[in-house]
Amino acid sequence: MVEVVNAVGSGFFDREFDLSVVAGDLGSIANFDPDNYPGMYIRFSEDSPLVTVYRTGKYIVTGADSVDGLHEFNEKLIGLFCDNGIIERNDVEWFEVQNLVCTTSFDKDLNLSALAIGLGLEQTEYEPEQFPGLVYRNPSLDSVILIFSTGKAVITGSSDLDEVEAASDHLVDELARLQLN
DNA sequence: TAGTGTGTTTCTTATATAGGTCGTATCC
DNA sequence: GGATACGACCTATATAAGAAACACACTA
């Protein structure tokens, strides 16, 4: 069972912004501090995703917990900008998912040293002194998997949920093949 | 040597995972 | 003062974006 914990997307409005003015128009939900970072942050509520908007019209949405939620939030953002006269509907050029961070569990403790050997040392990085997880990069997958001794794992780097599930299935198969699961 | 141009790195944000370290607080 | 407990933060992973700070190469 793969669960999305963070979905990241980026988009583009065909319009340049004076972020100081936009932040002023949006009020307390916007935060723009050019001395700290060139992007303007927008957050609708404490637990909502975060939007970073740039002068060029490009923007990033982080912190959604599903792909649908990411698109819904994007629509909410577009609505906010249109309602405040910041953009018009036809200024919306594109929006796409860039990265998914997912978790899964194999429900069994794992010997990461043995797993690193079994999966192939050229495809794994395991340095417990540096980081407790095993990093698994398989060229046939478009995701990177962090595997922990508790049997839990983090799958990241893909923009497609089907690819994430394929990566999870692949690892289940590998664990079965290696008789470590 | 100084100035200019180009390229690279860092910063920031979200998020899970887990081990280690560090600082602070509480108790004896 | 020493021992223990706890929280915060670091480590690593991916990704987008723009700006600033660098490093390096080249020309005058």
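Quick note on labels: first sequence line is chain A, next is B, and so on, each numbered from 1. For clarity, every value in this text was computed on a predicted model and none was experimentally measured.
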- Item | pair A:Asp142-A:Ser158: side-chain heavy atoms closer than 4.5 Å |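 A side-chain contact exists here, since the closest heavy-atom pair is under 4.5 Å.
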- 4.5 Å side-chain heavy-atom contact, A:Val53 and A:Tyr41: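 No; the side chains remain at least 4.5 Å from each other.
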- Verify whether the ring centers belonging to A:Tyr59 and A:Phe13 lie closer than 6.0 Å.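 Centroid distance A:Tyr59-A:Phe13: below 6.0 Å, so yes.
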- Is the count of non-hydrogen atoms from other residues, nucleotides or ligands lying under 6.0 Å from A:Glu3 atom CD greater than 12?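 Open.
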- Test log, rule side-chain hydrogen bond (donor to acceptor under 3.5 Å, both in side chains), inputs A:Ser159 and A:Gln98: CA-CA 5 Å; A:Ser159 58; A:Gln98 298 290 349; over 6 Å; no
- Single-linkage hydrophobic cluster, 4.5 Å side-chain cutoff, A:Ile145 and A:Val164 together: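 Linked within one cluster.
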- Task: Decide whether A:Val154 and A:Val4 are clustered together by the hydrophobic rule: side chain heavy atoms of Ile, Leu, Val, Met, Phe, Trp, Tyr closer than 4.5 Å, transitively.
- Result: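 As far as the 4.5 Å side-chain criterion goes, A:Val4 and A:Val154 are not connected within one cluster.
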- Message: Quick check on DNA chain B: between A:Leu146 and A:Pro38, whose nearest nucleotide comes earlier from the 5' end?
- Response: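 Its nucleotide being nearer the 5' end, the pick is A:Pro38.
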- Between A:Ala153 and A:Glu129, who's closer to the 5' end of DNA chain B by nearest nucleotide?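 Taking each residue's closest nucleotide, the earlier one in sequence belongs to A:Ala153.
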- Message: Checking A:Asp68 against A:Ser66 for the side-chain hydrogen bond (donor to acceptor under 3.5 Å, both in side chains) test, could you report, in this order, the C-alpha distance in whole Å, the side-chain angles of both residues, the deciding distance, and whether it holds?
- Response: CA-CA 5 Å; A:Asp68 287 344; A:Ser66 69; 5.7 Å; no
Quick one: label [X] by what it contacts on the DNA or RNA (base, sugar-phosphate, nothing), any heavy atom closer than 4.0 Å.
X	value
A:Val5	sugar-phosphate
A:Tyr59	nothing
A:Thr56	sugar-phosphate
A:Leu50	sugar-phosphate
A:Thr150	sugar-phosphate

- Centre of A:Phe44's six-membered ring, under 6.0 Å away, within 45 degrees of the axis: is that where NZ or CZ of A:Lys76 sits?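 Cation-pi check for A:Lys76 and A:Phe44: passes.
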- Task: Tell me which nucleotide among C:dA16, C:dA12, C:dA14 gets nearest to the side chain of A:Gln130.
- Result: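 Looking only at side-chain atoms, A:Gln130 lies closest to C:dA12.
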- Task: Among C:dA17, C:dT13, C:dA19, find the nucleotide with the atom closest to the side chain of A:Arg55.
- Result: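 Closest nucleotide to the A:Arg55 side chain: C:dA19.
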- Query: Just the endpoints, please: which first and last nucleotides of DNA chain B, 5' to 3', lie under 4.0 Å from a heavy atom of chain A?
  - Reply: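 Listed 5' to 3', the contact boundaries are B:dC11 to B:dG19.
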d([atom1], [X]; [atom2], [N]) in whole Å:
X	N	atom1	atom2	value
A:Phe131	C:dA14	CZ	P	12 Å
A:Tyr41	C:dG18	OH	P	14 Å
A:Phe32	C:dG18	CZ	C1'	11 Å
A:Asp35	C:dA20	CG	P	10 Å
A:Ile60	C:dA17	CD1	P	7 Å
A:Asn6	C:dA16	CG	P	14 Å
A:Ile155	C:dA12	CD1	C1'	16 Å
A:Lys58	C:dG18	NZ	P	5 Å

- Task: Quick one: sort the A:His170 and A:Tyr136 rings into parallel, tilted or perpendicular, breaks at 30° and 60°.
- Result: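 A:His170 vs A:Tyr136 ring planes: parallel.
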- Please tell me which of A:Pro132 and A:Arg137 maps to the more 5' nucleotide of DNA chain C, matching each residue to the nucleotide holding its nearest heavy atom.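 On the 5' side of the pair lies A:Pro132.
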- Query: Got a sec? Which of residues 85-103 of chain A come in under 4.0 Å of DNA chain B, heavy atoms?
  - Reply: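 Of all residues in residues 85-103 of chain A, the ones placing a heavy atom under 4.0 Å from DNA chain B are A:Val101, A:Thr103.
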